[in-house]
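Structure first, then comments.
Below, each value reflects all heavy atoms present in this structure, side chains not excepted, and no hydrogens, waters or symmetry copies.
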Amino acid sequence: MARGAGRTRRQRSAQATKASSLRIGGVLLVVAVVVTYFGFTKHIPFTHGFRVRAVFSSANSIRKNSPVRIAGVNVGKVKSIERQPGGDGAIVTMEINDAGLPIHRDATLKIRPRIFLEGNFFVDLSPGTPSSPVVSDGATLPISDTATPVQFDQVLGALQADSRASLQQLLAGYGQALTYQPTAADDRTQDPSVQGRSGAQALNQSLRSSAPAFRDTSVVNAALLGTEPHDLSGLIAGLGRVTRALDRNEATLQGLVTNFNTTMGAFASQSANVRSSIRLLGPTLVTANATLADLNSSFPATRAFAREILPGVRETPATIEASFPWIAQTRGLLGPGELQGVARQLHPSIADLSRVTEQSILLLPQTDLFAKCLTQVILPTGDIKILDGNNTAGNENYKEFWYTMVGLAGEGQNFDANGSYVRFQPGGGDQTVSTGKAGGAGGDALFGNALSKPLGNRPIFPGHRPPYVSNVPCYTQRLPALNDTPTGPADPSKPAAARAAGKP
């Protein structure tokens with residue numbers, strides 16, 4: 001009995017263990033399914049994302065799950081469409097993901113047709129401006145902030161018979177304008193680049209310059225966006241103030257219109273000149289474009305210079321602060337008791353100094369000529385050694401001169417306080433020496449006796465002084481040939497020129 005009871009308990013335990021394993025496996029399976037679902041869907045069941053409602057005048061073929069786009073990017077889907085209670089509009093509920101948030105109070109929504117291959121429609125959402133408050137989940141945007149596209153059948157239905165006839169005439173006239181071949185009279189007032197071309201050909205030619213024009217227009221549009229928040233709102237506010245001022249000053253506005261009419265009349269009277277100016281505007285813009293391109297290319301260097309100079313500009317206040325003590329000392333130095341007083345005392349001598357300066361302008365050239373004569377003629381002549389045969393001393397000429405002066409000074413010494421005099425020991429001999437007529441042609445000849453016959457003169461006296469030319473600078477003259485002059489006794493029977501030349 002006990003053995004059977006134990007076997008029963010073991011069977012029950014095994015069955016309980018097997019059931020527990022099945023429950024654990026089932027729980028793990030459910031957890032894996034849930035994790036996989038969340039991993040792929042990233043959405044919690046029984047919840048929804050950010051939803052916003054909008055009232056449209058017409059659903060206009062919008063469907064559930066139609067995309068909601070911001071600037072062409074899908075940011076959500078249409079969740080439901082229902083009729084507006086008590087009205088003819090439609091309420092469209094949309095679910096927006098995080099990429100389309102936040103949405104502001106001034107947001108606008110438009111139902112637009114998708115491209116041809118896609119079909120159907122989508123909701124084009126403009127999230128509004130950052131300065132406007134943010135709407136909350138479940139908010140409803142009014143019909144004033146929504147719009148629906150105009151269908152082609154609505155356009156055709158709005159055209160009556162006379163309107164359709166006018167439209168036909170417009171299309172026919174437009175087609176004729178595109179294909180019309182201009183005459184010589186028509187081309188006379190046209191730009192040379194379009195003469196002889198039809199309207200379509202001229203438009204095709206204008207498309208060649210449309211790419212840079214569109215590019216420049218986009219640059220202008222980007223600039224019109226402003227650089228700071230509320231630029232556009234500030235522009236609108238300013239425009240509002242201007243219009244209010246014009247409304248208050250109706251007479252001024254009438255005068256403005258009248259003057260504008262007068263100005264336009266003046267332009268009309270000068271239509272030929274205006275046409276010529278517009279014709280020359282194209283080359284002018286080309287030149288201006290090249291100039292602006294060169295100017296733009298210089299901006300990087302200017303920006304680099306501005307960046308490099310910033311450290312110096314930051315140090316400028318400290319430099320100015322450090323210069324204040326120096327400025328104070330300089331102010332004291334330039335005061336009446338210092339340099340200002342010295343300048344006042346030196347003022348009388350300025351006039352004399354200016355006159356000295358004027359005279360030095362005349363003196364310096366003469367001093368320069370004298371210095372050149374001294375360094376290039378006189379001093380080199382003094383360095384020449386006189387060759388006198390056995391009597392050659394071997395000293396420079398200037399030394400011999402000063403030795404002679406020293407000897408004369410020694411001869412002139414006296415010890416009896418009777419003044420200076422020179423003693424000579426005259427002697428006699430049988431050789432008579434004549435000095436010629438002393439004092440010129442009217443003088444008497446002086447005679448003396450010498451012990452021996454004189455050897456002659458060096459150089460031989462030519463009988464007259466060499467000519468003096470005052471307009472030839474001294475430094476341009478050749479050095480005198482002191483050792484090449486003729487020597488020997490003077491023969492009275494020879495002419496002076498022959499004796500000077502050393503001829504027999």
Side-chain angles (χ1 to χ4, degrees), residues 37-159 214 217-218 220-222 224-226 229-236:
Y37 175 80
F38 287 146
F40 283 96
T41 62
K42 298 181 177 64
H43 179 72
I44 300 176
F46 311 109
T47 62
H48 59 80
F50 184 90
R51 291 189 176 184
V52 65
R53 306 172 70 193
V55 181
F56 290 89
S57 60
S58 174
N60 203 57
S61 301
I62 200 74
R63 297 289 183 269
K64 185 179 179 180
N65 293 327
S66 295
V68 179
R69 296 177 179 176
I70 295 179
V73 179
N74 291 342
V75 296
K77 291 182 179 181
V78 174
K79 303 305 290 185
S80 65
I81 302 171
E82 57 188 26
R83 185 181 180 84
Q84 181 184 15
D88 296 333
I91 299 177
V92 179
T93 303
M94 296 158 286
E95 186 171 300
I96 311 299
N97 56 33
D98 294 340
L101 299 179
I103 299 176
H104 301 272
R105 286 290 182 186
D106 58 350
T108 58
L109 300 96
K110 298 179 181 179
I111 297 178
R112 295 183 181 275
R114 300 166 72 178
I115 62 176
F116 177 72
L117 294 179
E118 286 183 300
N120 299 327
F121 293 82
F122 71 96
V123 179
D124 186 9
L125 171 62
S126 177
T129 58
S131 59
S132 179
V134 177
V135 300
S136 58
D137 184 18
T140 301
L141 299 178
I143 194 172
S144 59
D145 294 338
T146 63
T148 57
V150 178
Q151 300 299 310
F152 187 69
D153 58 341
Q154 296 174 338
V155 176
L156 296 179
L159 296 176
F214 288 149
T217 304
S218 66
V220 173
N221 291 336
L224 291 177
L225 292 177
H230 308 294
D231 283 349
L232 183 58
S233 60
L235 175 62
I236 296 174

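- Shown here for L125 and A107, the closest heavy-atom pair between the two residues is CD1-CB, 4.5 Å.
- By the 4.0 Å N-to-carboxylate-O rule, K77 lies too far from E95 to be salt-bridged with it.
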Side chain to side chain contact (heavy atoms under 4.5 Å, CB included) for I103 and L101? Distances and angles first, verdict last.
CA-CA 5 Å; I103 299 176; L101 299 179; 4.2 Å; yes
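- Other residues, nucleotides and ligands contribute only 12 or fewer heavy atoms inside 6.0 Å of the CG atom of D88.
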Checking S126 against L109 for the side chain to side chain contact (heavy atoms under 4.5 Å, CB included) test, could you report, in this order, the C-alpha distance in whole Å, the side-chain angles of both residues, the deciding distance, and whether it holds?
CA-CA 6 Å; S126 177; L109 300 96; over 6 Å; no
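- Taking both residues in full, the closest heavy atoms of P67 and N74 are given as CB-OD1, 3.7 Å, listed atom of the first, atom of the second, then distance.
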Decide yes or no on side chain to side chain contact (heavy atoms under 4.5 Å, CB included) for R83 and I91, but give the supporting numbers first.
CA-CA 6 Å; R83 185 181 180 84; I91 299 177; over 6 Å; no
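- One finds the OG1 atom of T146 at 8.5 Å from the CG atom of L141 (value rounded to the nearest 0.5 Å).
- Between atom CD1 of residue I111 and atom OG of residue S58 there is a gap of 7.0 Å, rounded to the nearest 0.5 Å.
- Judged by distance alone, with hydrogens and angles left aside, the side-chain atoms of D145 form no donor-acceptor pair with the main-chain N or O of T108 at under 3.5 Å.
- Counting only distance, with no hydrogens or angles, the side chain of H104 and the backbone of P127 share no donor-acceptor pair below 3.5 Å.
- The heavy-atom pair separating T148 from F56 by the smallest distance is CG2-CD2, 4.1 Å.
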Decide side chain to side chain contact (heavy atoms under 4.5 Å, CB included) for K79 and R53; before the verdict, give the C-alpha distance in whole Å, the side-chain angles of both, and the deciding distance to 0.1 Å.
CA-CA 10 Å; K79 303 305 290 185; R53 306 172 70 193; over 6 Å; no
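- Pairs passing the salt bridge (Lys or Arg N to Asp or Glu O under 4.0 Å) check and including a residue from residues 103-113, sequence neighbours excluded, read R112-D124.
- The minimum heavy-atom distance linking A54 with M94 is given by the pair CB-CE, 3.9 Å.
- Between V123 and V78, the closest side-chain pair of non-hydrogen atoms falls below 4.5 Å.
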